[in-house]
Number of protein chains: 2
Amino acid sequence: MNREIFICSNCPMTRTMATIGTKWKPIIIYALGNRTLRFGELHVRIDTISRKVLTDQLRELTEDGIIQRSPAQDSSRKVEYRLTEKGLALLPIMNMLTEWNLRYNESEI
Amino acid sequence: MNREIFICSNCPMTRTMATIGTKWKPIIIYALGNRTLRFGELHVRIDTISRKVLTDQLRELTEDGIIQRSPAQDSSRKVEYRLTEKGLALLPIMNMLTEWNLRYNESEI
DNA sequence: AAGTCTAGTAACCTTTAAGTAACCAGAAAA
DNA sequence: TTTTCTGGTTACTTAAAGGTTACTAGACTT
């Protein structure tokens, strides 16, 4: 009965990657930070993403409860996005990832 | 001169994702943890990955300095892998990610 | 010697996330 | 009225990560 072997096929890391492990979600989360931004503002900041993909990813992040979409206060056609509490809890982790990368992959000696 | 706009197309998060943002790397790092494992042991733990992809990703992680590959001490044909200091620095961040996921996506109320 | 183990490798295929281009409709501005 | 803005949507394509299958060679075991 060797059930002690750690099986990672459905381990916490695998499940976590299934939720946020796409190319653009971490970048969108990072770009939002603790600001509230309109679609267009996000698109300017992440200027290499297509509007299609940005739309798709924003919708998924909204459905997953990581960001919140609401009409902009000064306009009915503009919408704005911001991180929810759930999303904000991710931010420091994202920041730590970038610090790790800065330190280990980008520092010049 | 509006250079204050934060452009994320080559921001820290984008660069970080370029280095570790693939399907299997975070999972491999998590599965290794602070252990030293042989190829076959890793494969048992991540049992849904193909040997081809495991080999590929292990080689990239080795080239990136995140893991270290060395002959096993008790055998010349077996090789073992472990996280480097650089890789170990990632581990707590990975753990935090899974804790986040556990708390926000998997908790039953 | 034959069979098994070990960590791959090669050739090719599949999947799907991401990308391209064109279009849309309502609201707002000129 | 026309044009621009805004946040999409649609139809299709592309790229590449990941997967499948078969094979390899040396080391080890029977």
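- When rounded to the nearest whole Å, the span between CG of Asp56(A) and C1' of dT9(D) equals 10 Å.
- The phosphate of dG8(D) (OP1 or OP2) has a side-chain N or O of Tyr81(A) nearer than 4.0 angstrom.
- Without hydrogens or angle criteria, Thr84(B) side chain to Gly65(B) main chain gives a donor-acceptor distance under 3.5 Å.
- If you measure from atom CD of Glu80(B) to atom P of dC5(C), you get 20 Å, rounded to the nearest angstrom.
- dT9(D) atom C1' lies 14 Å from atom CG of Leu54(A), rounded to whole Å.
- Summarising the geometry, the separation between NZ on Lys23(A) and C1' on dG19(C) is reported as 9 Å, rounded to the nearest angstrom.
- Between Arg35(A) and Glu41(A), none of the side-chain N atoms (NZ, or NE/NH1/NH2) sits under 4.0 Å from a carboxylate O, so this pair counts as no salt bridge.
- At most 12 non-hydrogen atoms from other residues, nucleotides or ligands lie less than 6.0 angstrom from CZ of Arg82(A).
- Contact annotation: Arg59(B) side-chain N/O to dA7(C) OP1/OP2 distance is not under 4.0 Å.
- Residues Leu32(B) and Ile29(B) have side chains not in contact (no heavy-atom distance under 4.5 Å, counting atoms from C-beta outward).
- Distance, His43(A) NE2 to dC5(D) P: 15 Å, rounded to whole Å.
- Between the CD atom of Glu60(B) and the P atom of dA17(D) there is a distance of 8 Å, rounded to whole Å.
- Atom C1' of nucleotide dA18(C) and atom CG of Leu58(A) are separated by 15 Å, given to the nearest angstrom.
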Inset, instruction - Summarise protein proximity over nucleotides 20-28 of chain C in one line of letters, 5' to 3': B for base, S for sugar-phosphate only, - for none, counting protein heavy atoms closer than 4.0 Å. - result: B-BB--BBS

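- In this structure, Trp100(B) contributes its side chain and Gly87(A) its backbone to no donor-acceptor pair below 3.5 Å.
- With contacts defined as side-chain heavy-atom distances shorter than 4.5 Å, the pair Tyr30(A)/Thr14(B) does not qualify.
- Residue contacts for Gln57(B): at a heavy-atom cut-off of 4.0 Å it reaches the sugar-phosphate backbone alone, with no base atom in range.
- For the pair Arg69(A) CZ and dG7(D) P, the interatomic distance rounds to 9 Å; values are reported in whole Å.
- Looking at Asp64(A) and Tyr104(B), their side chains never come closer than 4.5 Å, going by heavy atoms from C-beta outward.
- OP1 or OP2 of dT6(D) sits under 4.0 Å from a side-chain N or O of Lys78(A).
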